[in-house]
Q: 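Can you read through this structure? Questions will come right after.
Every heavy atom of this structure was used, including side-chain atoms; hydrogens, water molecules and symmetry mates were not.
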Amino acid sequence: MSSNQVAETVASLMPRARQELTELVAFKSVADFAQFPKSESEGAATWVADALRAEGFQDVALLDTPDGTQSVYGYLPGPEGAKTVLLYAHYDVQPPLDEAAWVSPPFELTERDGRWYGRGAADCKGGVIMHLLALRALKANGGVPVHVKVIAEGSEEQGTGGLERYAEQHPELLAADTIVIGDAGNFRVGLPTVTSTLRGMTMVRVRIDTLEGNLHSGQFGGAAPDALAALIRVLDSLRAEDGSTTVDGLTADAQWDGLRYEDEQFRKDAKVLDGVELIGSGTVADRIWARPAVTVLGIDCPPVVGATPSVQASARALISLRVPPGVDAAGATKLLQAHLEAHTPWGARVACEQIGQGQAFRADTSSPAYEAMAAAMAVAYPGQEMSYAGQGGSIPLCNTLAALYPDAEILLIGLSEPEAQIHAVNESVSPEELERLSVTEALFLRNYAAH
């Protein structure tokens with residue numbers, strides 16, 4: 001089996017890949033069943049299970065995980081005595097947000113300017129298709145040289161930990177020599193990248209109460225404590241003047257020693273408006289890969305339309321805190337809650353509730369699997385060497401798998417490069433990246449089997 005044959009096979013399969021991604025994107029598989037029908041997620045899970053069965057996978061199952069969602073599992077046996085590789089992706093997606101802001105419907109895969117647009121196209125339904133393409137290329141060129149397990153999670157975006165808990169309860173199920181997490185992305189299109197660190201995360205809901213009920217602002221304003229004003233002060237305390245995250249007791253001065261991320265490139269990737277400054281200190285890589293970052297995800301307060309002249313009795317906010325490798329997420333949660341309580345003014349009543357948490361991750365990049373991946377990327381991306389980057393987002397399953405299988409090597413690749421705009425409106429995937437990374441994964445499996 002030559003590398004050219006693998007690449008030619010993947011290229012010939014791209015029309016089929018587009019059709020399959022179209023079908024998979026069409027499922028509105030947001031694992032928040034208060035917003036989207038559970039049947040949409042169940043339909044996507046069934047689609048993945050059927051695709052695995054069609055490729056000869058055994059023991060294909062829809063796993064009912066403790067958070068009320070389903071993960072899809074399948075096993076494809078390889079040659080006797082071969083190594084076992086676990087391939088991961090997730091089929092659940094973020095909500096589309098403002099559907100009116102999408103140039104094309106979020107759940108209809110649409111080609112535009114050389115990219116395929118749709119919610120989940122890159123994160124991470126495209127990852128499911130990437131795994132299928134790699135395996136098909138190997139099957140067409142001598143066979144799959146390793147035992148393969150596939151797990152497609154159904155609630156990764158919600159951070160509810162269903163698959164983590166299931167894996168802990170069934171530790172033999174996902175055991176493997178190497179694990180490929182297909183939920184990361186290249187540093188930029190055309191630059192082959194493995195993600196060697198992930199920030200962890202915690203989410204906390206804070207509620208502030210000051211009055212038994214809302215009051216007329218003309219009659220009581222000026223003396224009556226305003227819960228919304230108190231919340232604003234609390235949220236402002238989480239940032240320094242330059243925008244750096246400041247949670248009491250949480251270290252925020254670590255430095256990133258890998259791939260550099262230039263300010264102007266970041267401004268372009270993040271689509272920062274002209275004249276608006278970046279926040280924080282240190283390099284961009286320090287800020288997004290090596291340091292904590294707080295984000296206010298939402299606030300419960302009266303909307304402007306229909307607002308009345310009232311002093312607010314109660315206000316809530318949902319806060320996300322990303323924590324870097326080396327920082328315990330549970331400890332960071334305690335520090336965040338203590339900070340919120342300590343900075344609540346006027347003796348207002350404050351209540352904090354943790355609603356999600358995941359540990360940070362750091363990979364061992366000196367392992368044989370990384371050597372096999374570097375060789376594969378050098379072929380799939382001629383003239384480019386594999387780069388190492390961090391990722392500001394979290395994949396809590398990584399730490400669960402690392403704890404369950406301490407001898408397993410874990411690699412993170414995927415389709416979520418900056419132009420993909422994952423989690424935002426108009427998410428898209430580069431079909432060229434899908435093709436090259438599918439070739440990469442196929443060659444990696446071949447290289448790893450021979451290592």
Q: If you count every heavy atom of other residues, nucleotides or ligands that lies below 6.0 Å from Glu172 atom CD, does the total exceed 12?
A: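 Check passes, neighbour count above 12.
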
Q: Please examine the side chains of Ser281 and Arg291, heavy atoms only from C-beta on, and report whether any two atoms are closer than 4.5 Å.
A: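 The answer is yes; the side chains approach within 4.5 Å.
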
Q: Taking atom types as modelled, is there a side-chain donor on Gln70 or Tyr91 under 3.5 Å from an acceptor on the other?
A: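 Not at all, the side chains of Gln70 and Tyr91 share no donor-acceptor pair under 3.5 Å.
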
Q: Using a cut-off of 6.0 Å, state whether more than 12 heavy atoms not belonging to Arg267 lie near its atom CZ.
A: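 Buried by this count: over 12 neighbours within 6.0 Å.
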
Q: Taking the six-membered ring for Trp and the full ring for Phe, Tyr or His, determine whether the centres of Tyr166 and His170 are under 6.0 Å apart.
A: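 Close enough - the centres of the two rings lie under 6.0 Å apart.
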
Q: Does the salt bridge (charged side-chain N to carboxylate O under 4.0 Å, His left out) test come out yes or no for Lys271 and Asp269, once each step is laid out?
A: CA-CA 6 Å; Lys271 295 180 170 56; Asp269 293 340; over 6 Å; no

Q: Determine the minimum heavy-atom distance between Leu250 and Ala332, stating which atoms define it.
A: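 Closest approach of Leu250 to Ala332: CD1-CB, 4.3 Å.
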
Q: If you take all heavy atoms of Leu228 and Ile299, which pair is closest and at what distance?
A: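 Closest pair (atom of Leu228, atom of Ile299, distance): CD1-CG2, 4.5 Å.
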
Q: In terms of relative ring orientation, are His90 and Tyr88 parallel, tilted or perpendicular, with 30° and 60° separating the classes?
A: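 His90 vs Tyr88 ring planes: tilted.
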
Q: Examine distances only and state if a side-chain atom of Lys149 and a backbone atom of Thr84 form a donor-acceptor pair shorter than 3.5 Å.
A: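 Such a contact is absent between Lys149 side chain and Thr84 backbone.
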
Q: Do the side chains of Leu412 and Leu198 get nearer than 4.5 Å, heavy atoms only?
A: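 A side-chain contact exists here, since the closest heavy-atom pair is under 4.5 Å.
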
Q: Cut-off 3.5 Å, side chains only: do Thr333 and Gln357 have a donor facing an acceptor?
A: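 Yes, Gln357 and Thr333 have a side-chain donor paired with an acceptor closer than 3.5 Å.
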
Q: Under 4.5 Å between any side-chain heavy atoms of Ser41 and Val30, yes or no?
A: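 No - every pair of side-chain heavy atoms lies 4.5 Å or more apart.
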
Q: For Phe187 together with Tyr261, are the ring centres under 6.0 Å from each other?
A: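 Between Phe187 and Tyr261, which both carry aromatic rings, the centre distance is below 6.0 Å.
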
Q: Among side-chain atoms of Ser430 and Glu432, is any donor-acceptor pair under 3.5 angstrom?
A: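 Yes - a donor-acceptor pair under 3.5 Å links their side chains.
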
Q: Count the heavy atoms of every other residue, nucleotide or ligand shown that sit under 6.0 Å from CZ of Arg112, and state whether that count exceeds 12.
A: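 Above 12, so yes.
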
Q: Using a distance-only test with no angle check, is there a side-chain donor-acceptor pair under 3.5 angstrom linking Gln94 and Glu157?
A: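 Short answer, yes.
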
Q: Does any N or O in the side chain of Thr344 come within less than 3.5 Å of the main-chain N or O of Ala342, such that one atom is a donor and the other an acceptor?
A: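 Looks like no, no N/O pair under 3.5 Å.
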
Q: Measuring only between side-chain heavy atoms, which start at C-beta, is Ile413 closer than 4.5 Å to Glu441?
A: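 Yes, their side chains come closer than 4.5 Å.
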
Q: Are there more than 12 heavy atoms of other residues, nucleotides or ligands under 6.0 Å from atom CZ of Arg349?
A: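 Atom CZ in Arg349 is not crowded, with 12 or fewer foreign heavy atoms closer than 6.0 Å.
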
Q: Check Thr193 against Gly185 and note the closest heavy-atom contact, atom names and distance.
A: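 Answer, listing the atom of Thr193 first, then Gly185: CB-O, 4.1 Å.
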
Q: So, does Asn426 use its side chain to make a donor-acceptor pair with the main chain of Tyr117 at under 3.5 Å?
A: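 Here the side-chain-to-backbone pair does not exist.
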
Q: Ignoring hydrogens and geometry beyond distance, is a side-chain donor-acceptor pair present between Trp289 and Gln391 at under 3.5 Å?
A: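 Gln391 and Trp289 do not have a side-chain donor-acceptor pair below 3.5 Å.
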
Q: If we count only N and O atoms by modelled type, under 3.5 Å, do the side chains of Asp209 and Ser314 hold a donor and an acceptor together?
A: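 Note: Asp209 and Ser314 side chains meet the donor-acceptor criterion.
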
Q: Compare all side-chain heavy atoms of Leu163 with those of Thr69 and state whether any distance is below 4.5 angstrom.
A: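 The answer is no; the side chains never approach within 4.5 Å.
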
Q: Testing the basics here: between Ala49 and Leu62, what is the closest heavy-atom pair and its distance to 0.1 Å?
A: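 Looking at all heavy atoms of both residues, the shortest contact is CB-CD2, 4.0 Å.
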
Q: To the nearest 0.5 Å, what is the distance between CD on Glu40 and CD on Glu42?
A: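 Going from the CD atom of Glu40 to the CD atom of Glu42 covers 10.0 Å.
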
Q: Are any side-chain N or O atoms of Gln384 and backbone N or O atoms of Ala378, one a donor and one an acceptor, separated by less than 3.5 Å?
A: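 No, Gln384 side chain to Ala378 backbone: no donor-acceptor pair under 3.5 Å.
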
Q: Is it the case that the side chains of His147 and Asp177 hold a donor-acceptor pair, with the cut-off being a distance below 3.5 Å and no angle test?
A: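 Side-chain D/A pair, Asp177 to His147: absent.
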
Q: Kindly indicate whether the side chain of Pro95, heavy atoms from C-beta on, has any atom under 4.5 Å from the side chain of Phe36.
A: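 Contact flag for Pro95/Phe36 side chains = yes.
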
Q: Distance under 6.0 Å and angle within 45° of the ring axis: does Lys83 meet both against Tyr448?
A: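 Yes, a cation-pi geometry holds between Lys83 and Tyr448.
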
Q: Mind listing the closest non-hydrogen atom pair of Tyr370 and Thr365 along with its distance?
A: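 Taking Tyr370 first and Thr365 second, the nearest heavy atoms are CB-O, 3.5 Å.
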
Q: Between His339 and Thr246, which heavy-atom pair has the shortest distance, and what is it?
A: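 Result for this residue pair: CE1-O, 3.2 Å.
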
Q: Output the distance between atom NZ (Lys28) and atom CZ (Arg119), rounded to the nearest 0.5 Å.
A: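 Here the rounded value is 13.0 Å.
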
Q: Would you say that Pro66 contacts Gln169 through its side chain, given a criterion of any heavy-atom pair below 4.5 Å between the two side chains?
A: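 The answer is yes; the side chains approach within 4.5 Å.
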
Q: Should we say atom CZ of Arg188 is surrounded by more than 12 heavy atoms from elsewhere, each under 6.0 Å from it?
A: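 Open.
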
Q: Is there a donor-acceptor contact under 3.5 Å linking the side chains of Asp364 and Ser367?
A: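 No - no donor-acceptor pair under 3.5 Å links their side chains.
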
Q: Test your reading of the model: is there a side-chain donor-acceptor pair from Thr210 to the backbone of Pro225, 3.5 Å cut-off?
A: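 Judged by distance alone, yes, a pair lies under 3.5 Å.
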
Q: Taking the side chain as every heavy atom from C-beta outward, state whether Glu353 and Ile355 have any pair of such atoms under 4.5 Å apart.
A: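 In short, these two side chains touch, coming nearer than 4.5 Å.
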
